[in-house]
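Below is one structure, written out as C-alpha cells; the observations come after it.
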Amino acid sequence: MDSLVQASEDSGRQEPATTRRRTGGRSARVRTQVLQSVGALLLEAGYDGLTVDAVAERAGVHRTTVYRRWRDVGHLLADVLDSASDDTWSPPDTGSLEDDLTALNQEVYEALAGGAPNLTTALIAAGFRSSEAATALSRFWEDRYTRCAVVVTRAADRGELPGSVDSRALLVAATAPLYHELLLLRSVPDPTLPHGAARAAAAAARGGAFGTPQ
C-alpha cells in the first residue's frame with residue numbers, strides 16, 4: 001500500500017529514447033529528471049538542503065525552467081508525491097480478508113522498517129514542513145485507500161463480513177499500528193506486526209466494529 005518509494009523511483013527512471021518520445025518528449029524528460037533530483041537531494045541533504053537551484057543543477061536543466069514550472073520547493077515536493085499516484089498499483093487478492101490486509105501491511109512495513117532513511121519517510125517528514133507537500137501527501141493516501149476499498153468489497157462478497165462495512169475505517173485500523181509503531185514511537189521493527197495488526201482489524205470487522213450507519 002505504501003509504494004511512495006517505488007513510484008518515485010519509477011518516475012525518475014530513464015526509459016529508451018523511442019518510449020520517451022511517445023510519452024511526452026522533452027517536457028516529460030525534464031519532469032523525470034527534475035523529480036528524480038528532488039528525491040535524491042531530499043535524501044542527501046534533507047528538507048533544509050533542498051532548493052530550486054540545487055534541483056536544477058542536479059537535473060541538468062536551467063534554473064528558470066524549474067522556477068517557471070514548479071515555482072518553489074513545496075510545489076516540487078507536491079509533484080513528486082502526485083507522480084507516485086501515476087501508477088497501476090492495486091491491492092493483492094489472496095482470497096481472504098486477513099491475508100489481504102497482511103499483504104498490504106507487509107508493503108508498509110518494508111517501506112518503514114528498513115532503518116536507513118528512505119524516500120517514503122523523507123516525504124512524510126517533508127509534509128510537516130511544507131503545506132503543498134502535506135496536501136499532496138493527503139491526496140496520495142486518499143488515492144491508496146480508495147484503491148484498497150476493493151479488499152473490503154471482496155471480503156463482503158465472500159461472506160466474511162456482516163452487513164455494510166466502512167472500508168476506509170477498516171483499512172485505517174489495519175494499517176495505523178504500523179505507522180504508529182515505526183514512525184511515531186520508532187519501535188524496534190517487529191516482523192510479526194503486519195500480520196498481528198491485520199488479524200486484529202479483521203477480527204474487529206467480523207464483529208461488526210466498522211459497520212456503516214443504517
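Residues: numbered from 1 along the sequence shown.
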*asked:* With side chain to side chain contact (heavy atoms under 4.5 Å, CB included) as the test, pick out the partner of Cys148 among Thr175, Leu104, Asp100.
replied: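 Passing option: Leu104.
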
Starting at CG of Leu112, measure out to CG of Leu182 and round the result to the nearest 0.5 Å.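 The CG atom of Leu182 is 5.5 Å from CG of Leu112, to the nearest 0.5 Å.
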
Nearest 0.5 angstrom please: Glu110 CD to Asn118 CG, how far?
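So the gap between those two atoms works out to 11.5 Å.
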
Begin from the C-alpha positions of Asp143 and Arg147 and carry the test salt bridge (charged side-chain N to carboxylate O under 4.0 Å, His left out) through to its verdict. CA-CA 6 Å; Asp143 172 73; Arg147 296 193 203 190; 3.0 Å; yes

Problem - Cluster link Phe128 to Leu123, ILVMFWY, side chain under 4.5 Å - result: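 They do share one cluster, since a chain of ILVMFWY contacts under 4.5 Å joins Phe128 to Leu123.
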
Out of curiosity, does Leu185 fall in the hydrophobic cluster containing Val172 (side-chain heavy atoms, cut-off under 4.5 Å, transitive links)?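 Each belongs to a different hydrophobic cluster.
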
Margin query: Go through it in stages, so that I can follow the logic: the residues are Leu77 and Glu132, the test is side-chain contact (heavy atoms from CB on, under 4.5 Å), and I'd like the CA-CA distance, side-chain angles, deciding distance and then a yes or no.
Written below: CA-CA 7 Å; Leu77 288 167; Glu132 293 86 1; over 6 Å; no

For residues [X] and [Y], report the shortest heavy-atom separation together with the two atoms involved.
X	Y	result
Ala197	Ala174	CB-O, 3.5 Å
Asp82	Ala136	OD1-CB, 3.9 Å
Ala201	Phe210	O-CE1, 3.7 Å
Ala205	Leu97	CB-CD2, 4.5 Å

Test salt bridge (charged side-chain N to carboxylate O under 4.0 Å, His left out) on Asp79 and Arg71; report intermediate values, then the result.
CA-CA 11 Å; Asp79 201 15; Arg71 299 200 301 276; over 6 Å; no

Next on the checklist: Does anything in residues 165-175 form a salt bridge (Lys or Arg N to Asp or Glu O under 4.0 Å)? List the pairs, not counting sequence neighbours.
Outcome noted: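 Found Glu142-Arg168.
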
Would a 4.5 Å heavy-atom cut-off, applied to side chains only, mark [X] and [Y] as touching?
X	Y	answer
Ser83	Arg31	yes
Arg69	Ser27	yes
Leu184	Tyr179	no
Gln36	Arg58	no
Leu171	Leu101	yes
Pro91	Val150	yes
Val66	Leu76	yes
Leu193	Glu181	yes

Validation: residues 48-57 side-chain donor-acceptor distances under 3.5 Å, sequence neighbours left out:
from: Asp48; atom 1: OD1; to: Arg129; atom 2: NH2; distance (Å): 2.6
from: Thr51; atom 1: OG1; to: Ala54; atom 2: N; distance (Å): 3.0
from: Asp53; atom 1: OD1; to: Arg63; atom 2: NE; distance (Å): 3.1
from: Asp53; atom 1: OD1; to: Arg63; atom 2: NH2; distance (Å): 3.3
from: Asp53; atom 1: OD1; to: Tyr67; atom 2: OH; distance (Å): 3.3

Does the [X] side chain pair with the main chain of [Y], one donor and one acceptor, at a distance under 3.5 Å?
X	Y	value
Asn105	His195	no
Arg206	Pro162	no
Ser37	Ala59	yes
Thr102	Glu98	yes
Ser130	Gly127	no

Point to revise | side-chain contact (heavy atoms from CB on, under 4.5 Å) between Leu81 and Arg139, worked out | key: CA-CA 9 Å; Leu81 286 159; Arg139 286 195 297 268; over 6 Å; no

(message) Using a strict threshold of under 4.0 Å (side-chain N to carboxylate O), is an ion pair present between Asp87 and Arg144?
(response)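 Counted as a salt bridge, because a side-chain N and a carboxylate O are separated by less than 4.0 Å.
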
### Query
Checking side-chain contact (heavy atoms from CB on, under 4.5 Å) for the pair Tyr47/Val73: CA distance, chi angles, key distance, verdict?
CA-CA 9 Å; Tyr47 180 85; Val73 165; 4.2 Å; yes

